[in-house]
Amino acid sequence: MAEPVICVENVGKKYILVHRQQNRNPTLKDALSAAAQTLLRKVRSPQHAGGMYSTREEFWALKNISLEIRQGERIGVIGRNGAGKSTLLKIFSRVTEPTTGRIRIKGRVASLLEVGTGFHPELTGRENIFMNGAVLGMSKAEIKKKFDEIVAFAEVEKFLDTPVKRYSSGMYVRLAFAVAAHLEPEILIVDEVLAVGDLAFQRKCLGKMESVASEGRTLLFVSHNMSSILNLTQRSFMLEAGQIVASGPTNEVVRQYVQHIEAQVERKSRASLIDLERDESIVGTKARYEWVRLVNSKGEETPSVYEQEPFVVELGFRVDEPLEHLQLGCTIKTLKEEIKLFTVASPEFSHRFDPGRYSIQLRFDPNYLRSGEYVLMLRLFGDGARQDHLPEAAFFSIRPTSGNQRSAGHYTWAKGYLHFDYQWSVPETVEVH
């Protein structure tokens with residue numbers, strides 16, 4: 001049996017979140033009191049000079065993680081957004097240190113966690129290749145041996161002597177992946193950053209990762225694309241709320257992941273008034289969503305509609321401070337793969353919105369979604385600033401049309417996510433000259 005190259009023992013990672021709340025209707029007395037307390041706080045503890053209404057919260061991104069990865073294994077890491085996947089990979093890559101527990105790694109690690117990781121923006125592409133190789137412990141001769149192969153793979157020949165700060169995100173990630181995969185690390189860690197590249201580049205990357213794995217090097221791969229996870233990895237583990245909730249052969253873990261997702265959909269879709277979750281650090285204070293409902297063609301509130309059945313998304317929002325301009329945005333993405341299918345934005349409503357509650361409807365007629373599970377993402381902008389952002393505002397399903405046997409046979413080989421109105425012509429005899 002191959003020896004372990006990564007050993008993780010009871011690892012946890014804690015962050016401190018600071019929430020700053022403002023008094024929406026401050027009096028002069030409140031303002032003077034807040035200023036005095038802020039000044040006093042600065043004197044007592046300069047590093048904690050937040051406002052009067054600041055609160056601190058402990059957030060454990062990872063809790064009690066223990067695992068062992070052996071040389072040559074191909075490991076998949078799956079889980080919903082916010083489950084702790086990227087945090088765990090950053091610990092593996094030594095980008096951040098764990099709060100508790102310990103981790104032992106044997107061998108050179110190359111990581112591709114996010115666009116530009118490990119690159120110096122002021123250096124050229126050529127200089128960054130040599131710098132990354134040196135960081136991996138490779139000699140200049142070893143880097144030169146791989147240099148032409150890296151450049152050809154990344155397709156950045158014309159920009160080699162340009163500072164990478166001027167690269168597009170696609171160029172950045174192409175070069176970063178080429179460096180990480182070609183400089184012969186014992187352990188290659190790849191996060192979902194490949195989604196930045198185009199389809200042809202993604203296929204090339206997947207082929208390279210297959211090659212790396214076949215050479216006996218260790219591969220850790222994070223993706224929401226279950227087909228890639230199934231094709232590339234032998235063993236996987238699933239994270240949920242910072243903890244490992246499933247591990248084992250990849251096909252079994254993927255099956256549990258899909259069941260877990262479907263159970264979440266079923267549970268959340270039963271609520272008519274969704275308990276909306278938002279990232280308070282990136283939203284404003286003037287307006288926010290309060291509820292969202294899916295209404296079918298009969299006017300009934302429902303968590304699912306049939307294929308090709310028109311439906312309405314009804315949104316309720318609250319305005320807390322007067323707004324002169326308001327715009328709403330809605331994105332529909334697939335639940336399992338988290339692929340964004342399309343985004344629609346409302347007109348910019350330019351009249352005064354006084355404090356109060358409002359509702360608005362977004363009608364999908366015709367409904368081009370095929371059967372499956374979907375997520376509704378919502379944004380709300382007011383007076384030129386983002387006021388609310390809900391990455392998972394609601395879950396809903398599209399069901400196959402009942403009794404449509406002809407469609408059911410078609411879907412087995414040509415599924416996809418969307419359908420459109422179309423018409424085939426009758427085959428005609430043609431003469432070949």
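When a residue number appears, it is its place in the shown sequence, counting from 1. As the structure is a prediction and not an experimental result, all values here were calculated from the model.
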Are [X] and [Y] side-chain neighbours, meaning at least one heavy-atom pair lies under 4.5 Å?
| X | Y | result |
| --- | --- | --- |
| Phe381 | Leu326 | no |
| Leu378 | Asp388 | no |
| His182 | Lys208 | yes |
| Asn296 | Phe311 | no |
| Ile16 | Glu58 | yes |
| Lys14 | Lys63 | no |
| Ile105 | Val5 | no |
| Arg166 | Met171 | no |

Minimum heavy-atom separation for [X] and [Y], please, with both atom names.
| X | Y | value |
| --- | --- | --- |
| Val156 | Arg174 | CG1-NH2, 4.2 Å |
| Val253 | Ser247 | CG2-C, 3.6 Å |
| Ala394 | Val292 | CB-CG1, 3.8 Å |
| Leu67 | Ile244 | CD2-CD1, 3.7 Å |
| Ala154 | Leu175 | CB-CA, 3.7 Å |
| Tyr306 | Ile398 | C-CG2, 4.1 Å |

Sidechain-backbone polar pair: [X] side chain, [Y] backbone, donor-acceptor under 3.5 Å:
| X | Y | result |
| --- | --- | --- |
| Gln387 | Lys286 | yes |
| Lys85 | Gly79 | yes |
| Arg370 | Leu418 | yes |
| Ser397 | Ser304 | no |
| Asn128 | Leu123 | yes |
| Glu307 | Ser371 | yes |
| Thr334 | Ile339 | yes |
| Asp383 | His325 | yes |
| Thr233 | Arg74 | no |
| Tyr257 | Ala246 | no |

With salt bridge (Lys or Arg N to Asp or Glu O under 4.0 Å) as the rule and sequence neighbours excluded, what pairs involving residues 132-143 come up?
none

Check each of Thr87, Thr96, Thr100 against Lys13 using the side chain to side chain donor-acceptor pair (under 3.5 Å) test, and report the only one that passes.
Thr96

Enter the distance from [X]:[atom1] to [Y]:[atom2] here, rounded to the nearest 0.5 Å.
| X | Y | atom1 | atom2 | answer |
| --- | --- | --- | --- | --- |
| Asp365 | Glu309 | CG | CD | 10.5 Å |
| Ile189 | Leu88 | CD1 | CG | 8.5 Å |
| Arg80 | Leu239 | CZ | CG | 13.5 Å |
| Arg379 | Gln327 | CZ | CD | 11.5 Å |
| Tyr374 | Lys333 | OH | NZ | 14.0 Å |
| Tyr289 | Leu315 | OH | CG | 5.5 Å |

Would Glu68 and Arg70 pass as an ion pair if we require N to O under 4.0 Å?
yes

Knowing that exactly one of Phe364, Tyr417, Phe396 qualifies, which makes a side chain to side chain contact (heavy atoms under 4.5 Å, CB included) with Leu369?
Phe396

Considering residues at least two apart in sequence or located in another chain, which fulfil the side-chain contact (heavy atoms from CB on, under 4.5 Å) criterion with Arg126?
Thr124, Phe130, Phe147, Leu160, Asp161

Start with the C-alpha distance between Ile229 and Ser236, add both sets of side-chain angles, then the distance that settles side-chain contact (heavy atoms from CB on, under 4.5 Å), and finish with yes or no.
CA-CA 8 Å; Ile229 289 284; Ser236 294; 3.9 Å; yes

Applying side-chain contact (heavy atoms from CB on, under 4.5 Å), run through Glu127 and His120 and close with a yes or a no.
CA-CA 9 Å; Glu127 291 167 335; His120 192 296; over 6 Å; no

Determine, stepwise, if the pair Asp320 / Thr285 fulfils side-chain contact (heavy atoms from CB on, under 4.5 Å).
CA-CA 7 Å; Asp320 293 318; Thr285 60; over 6 Å; no

Going through the checks in order, is the side-chain contact (heavy atoms from CB on, under 4.5 Å) test met by Leu323 and Phe349?
CA-CA 10 Å; Leu323 289 172; Phe349 301 107; over 6 Å; no

